[in-house]
Q: 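Got a structure for you, questions after.
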Amino acid sequence: MTLSIFLISILSLSSAVFSDDASFLKLPVPGNRSGPEAFAIDSTGKGFYTGVSGGKILSYTPGKGYIEFAYMTESSKSQQCDGALGTTNAGKCGRPAGIAFNDITRELYVADAVLGLHVIPARFGSLAKKIADSVDSKPFVFLDGLDVDKTTGVVYFTSFSTNFSAGDVLKAVASKDATGKLFKYDPSKKVVTVLLEGLSGSAGCAVSSDGSFVLVGQFTKSNIKRYWIKGPKAGSSEDFTNAVSNPDNIKRIGCTGNFWVASVVNTATGITNPSAVKVNSDGKVLQTISVKDKFGDTLVSEVNESQGKLYIGTLFGPFAGILKL
């Protein structure tokens, strides 16, 4: 472990704080960075990996805190990128958004909002390898969500918009932009294909536990669509639910067939009412947990369950949260 990684680990441990509610642990992001937007749960189920502003992928485990795991670019290690908030210097530093492991190879796939689709080998200190920054000669403008089929290893990922960059996300939402897409990357063929187009703020996506379909959220339309991967409806899509307000990332809950969806209410005056919403495979809402008392009126971007705990991320906030169920 290098001295810099050791210091980050110590600082992150000292700043891990239980709120007044003993069931909630707040984990401030070290290094003057922000936005632990999404999580890939580690093989023990007790820790996680997350991407933050400035292009770093951090690993968090209880007892060790945050440790630098990987970098989107060589510049991501620099002090200039340490001070980068949001999408500042994202073209140089990177801005990792959706992330997920291939459970077989243990490679970590990353949808970087600005730099494109990447993969990271399972070793600390690695540099992300670019897989694609375009499809059909059309550059990715604003990638967002990502998931990996646990059986086939096929990667599904989204672009929030084709017209607006990550730095203009508010403009994309305000204009009701509908140029988002759902993509598929097959590692065995090394090919990216477009599955769905014309999506309105396509944020998160999640493959079902049986691999029969993938869900993709439309933040701007408060809608989630289902794209069938296999079966008699393979290659077609349909509305899954309109019952979740402004859905962001979607995460399957083990093999239960259920999903957690990060949700907010987007109003003319801003974001409010961040919540964790559980839905079943039919799109029925099973449970809603408000996290406004813990995160305020901020854009909660992901809710990911492991071993009786919810790992909660934000797009702009300075900390990740762990909520005991």
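Predicted model, so just to flag it, every value in this text is computed and none were measured. Computed over heavy atoms, backbone and side chain alike; hydrogens, waters and symmetry mates excluded. One is the number of the first residue; the rest follow in order along the sequence.
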Q: Does one hydrophobic cluster hold both Phe142 and Val173, with members joined at side-chain heavy-atom distances below 4.5 Å?
A: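 Yes, it is one cluster - the side chains of Phe142 and Val173 are joined through contacts under 4.5 Å.
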
Q: Counting only N and O atoms by type, is there a donor-acceptor contact under 3.5 Å from the side chain of Ser76 to the main-chain atoms of Tyr71?
A: no

Q: Are there over 12 heavy-atom neighbours, none belonging to Lys225, within less than 6.0 Å of that residue's NZ?
A: yes

Q: How far apart are the C-alpha atoms of Asn163 and Ser161, what are their side-chain angles, what is the distance that settles it, and do they pass the side-chain hydrogen bond (donor to acceptor under 3.5 Å, both in side chains) test?
A: CA-CA 6 Å; Asn163 291 334; Ser161 172; 5.3 Å; no

Q: In terms of the angle between their ring planes, are Phe24 and Phe295 parallel, tilted or perpendicular, with boundaries placed at 30° and 60°?
A: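 Plane angle over 60°, so perpendicular.
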
Q: Any donor-acceptor pair under 3.5 Å linking the side chain of Arg252 with the backbone of Val207?
A: yes

Q: Hey, does the side chain of Ser212 reach the backbone of Lys230 with a donor-acceptor pair shorter than 3.5 angstrom?
A: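 Checking the backbone N and O of Lys230 against the side chain of Ser212, no donor-acceptor pair under 3.5 Å is found.
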
Q: Do Leu27 and Phe319 come close enough that some side-chain heavy atom pair is under 4.5 Å?
A: no

Q: OG/Ser23 to NZ/Lys294 distance, rounded to the nearest 0.5 angstrom?
A: 5.5 Å

Q: State whether the side chain of Glu37 and the backbone N or O of Ala97 hold a donor-acceptor pair below 3.5 Å, judged by distance alone.
A: no

Q: Applying a strict under-4.5 Å side-chain criterion to I, L, V, M, F, W and Y, I'd like to know whether Ile312 and Ile253 cluster together.
A: yes

Q: Measure across Val300 and Pro274 and return the closest heavy-atom pair with its distance rounded to 0.1 Å.
A: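 Scanning both residues, the minimum pair turns out to be CG2-CB, 3.4 Å.
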
Q: Measure the spacing between CZ of Phe160 and CG of Asp248 and express it to the nearest 0.5 Å.
A: 7.5 Å

Q: Does any N or O in the side chain of Ser275 come within less than 3.5 Å of the main-chain N or O of Ser290, such that one atom is a donor and the other an acceptor?
A: no

Q: Above 12 or not: heavy atoms from other molecules or residues under 6.0 Å from NZ of Lys221?
A: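 Result for NZ/Lys221: open.
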
Q: So, does Asn246 use its side chain to make a donor-acceptor pair with the main chain of Ser263 at under 3.5 Å?
A: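 No.
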
Q: Any Lys/Arg nitrogen of Asp112 or Arg95 sitting under 4.0 Å from an Asp/Glu carboxylate oxygen of the other?
A: no

Q: Report yes if the side chains of Leu195 and Tyr156 come closer than 4.5 Å at any heavy-atom pair, otherwise no.
A: yes

Q: Atom NZ of Lys150 and atom CG of Asp103: how far apart are they, to the nearest 0.5 Å?
A: 8.0 Å

Q: Less than 4.5 Å apart, any side-chain heavy atom of Phe39 and any of Asn249?
A: no

Q: Who passes salt bridge (charged side-chain N to carboxylate O under 4.0 Å, His left out) against Asp149, sequence neighbours left out?
A: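 Applying salt bridge (charged side-chain N to carboxylate O under 4.0 Å, His left out) to Asp149 gives none.
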
Q: Begin with the C-alpha distance, continue with both residues' side-chain angles, and end with the deciding distance and a verdict on side-chain contact (heavy atoms from CB on, under 4.5 Å) for Asp82 and Asn32.
A: CA-CA 6 Å; Asp82 270 336; Asn32 194 26; 5.5 Å; no

Q: Is it the case that atom NZ in Lys181 sees more than 12 heavy atoms from other parts of the structure closer than 6.0 Å?
A: yes

Q: Taking atom CZ of Arg226 and atom OG of Ser208, what is their separation to the nearest 0.5 Å?
A: 8.5 Å

Q: Test side-chain contact (heavy atoms from CB on, under 4.5 Å) on Glu238 and Tyr227 and set out the steps.
A: CA-CA 7 Å; Glu238 62 194 17; Tyr227 178 89; over 6 Å; no

Q: Quick one: do Phe164 and Val141 satisfy side-chain contact (heavy atoms from CB on, under 4.5 Å)? Show the steps, please.
A: CA-CA 7 Å; Phe164 294 91; Val141 177; 5.9 Å; no

Q: Shared ILVMFWY cluster between Val155 and Val194, side chains joined below 4.5 angstrom?
A: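 Cluster IDs for Val155 and Val194 match.
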
Q: Would you say the side-chain atoms of Thr179 and Asp177 include a donor-acceptor pair closer than 3.5 Å?
A: yes

Q: Would you confirm whether Asn273, through its side chain, and Val265, through its main-chain N or O, come within 3.5 Å as a donor-acceptor pair?
A: no

Q: Going from CG on Leu143 to OG1 on Thr158, what distance comes out if it is rounded to the nearest 0.5 angstrom?
A: 7.0 Å

Q: Drop me the distance from Lys278's NZ to Thr256's OG1, to the nearest 0.5 angstrom.
A: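 Between atom NZ of Lys278 and atom OG1 of Thr256 there are 7.0 Å.
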
Q: Checking side-chain contact (heavy atoms from CB on, under 4.5 Å) for the pair Val29/Thr50: CA distance, chi angles, key distance, verdict?
A: CA-CA 10 Å; Val29 175; Thr50 187; over 6 Å; no

Q: Search all heavy atoms of Val261 against all heavy atoms of Val279 and return the closest pair with its distance.
A: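 Looking at all heavy atoms of both residues, the shortest contact is CG2-CG2, 4.2 Å.
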
Q: Considering only heavy atoms from C-beta outward, does the side chain of Phe48 approach that of Pro36 to under 4.5 Å?
A: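 Contact flag for Phe48/Pro36 side chains = no.
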
Q: Would you call Arg33 and Leu58 a side-chain contact if the rule is heavy atoms closer than 4.5 Å?
A: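 When only atoms from C-beta onward are counted, Leu58 and Arg33 do not touch, as no gap falls below 4.5 Å.
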
Q: Are Asp297 and Ile271 packed together at the side-chain level, in the sense that at least one heavy-atom pair is separated by less than 4.5 angstrom?
A: no

Q: Taking all non-hydrogen atoms of both residues, which atom of Tyr66 and which atom of Pro30 are closest, and how far apart?
A: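 Tyr66 and Pro30 have their closest heavy atoms at CD1-CD, 3.5 Å.
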
Q: Between Phe157 and Phe140, does the ring centre distance come in under 6.0 Å?
A: yes

Q: So which heavy atom on Ser237 is nearest to which on Leu196, and how close?
A: OG-CD2, 3.6 Å

Q: Are Phe183 and Val148 linked, directly or through other ILVMFWY residues, by side chains that come within less than 4.5 angstrom of each other?
A: yes

Q: Please check: side-chain N/O of Ser59 versus main-chain N/O of Ile67, any donor-acceptor pairing under 3.5 Å?
A: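 No; judged by distance alone, with no hydrogens or angles, the pair does not exist.
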
Q: Spell out, as yes or no, whether a donor-acceptor pair under 3.5 Å connects the side chain of Gln307 to the backbone of Thr44.
A: yes

Q: Which atom pair, heavy atoms only, marks the closest approach of Ser34 to Phe316?
A: CB-O, 3.6 Å

Q: Can you confirm whether Val214 sits close enough to Ile229 that some side-chain heavy atom of one is under 4.5 Å from a side-chain heavy atom of the other?
A: yes

Q: Any donor and acceptor pair, going by atom type alone, linking the side chain of Thr193 with main-chain N or O of Val191 inside 3.5 Å?
A: no

Q: In a table with atom names and distances, give each donor-acceptor pair under 3.5 Å that connects a side chain of residues 125-136 to protein atoms at least two apart or in another chain.
A:
| residue | atom | partner | partner atom | Å |
| --- | --- | --- | --- | --- |
| Ser126 | OG | Arg123 | O | 2.7 |
| Lys130 | NZ | Asp133 | OD2 | 3.4 |

Q: Do the side-chain N and O atoms of Glu107 and Thr105 include a donor-acceptor pair separated by under 3.5 angstrom?
A: yes

Q: Quick one: does Leu325's side chain get under 4.5 Å of Leu310's, heavy atoms only?
A: yes

Q: Answer with yes or no whether the hydrophobic clustering places Val119 together with Tyr49; edges join I, L, V, M, F, W, Y residues whose side-chain heavy atoms lie under 4.5 Å apart.
A: no

Q: Mind listing the closest non-hydrogen atom pair of Ala38 and Gly98 along with its distance?
A: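 Here Ala38 and Gly98 meet closest at CB-CA, 4.1 Å.
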
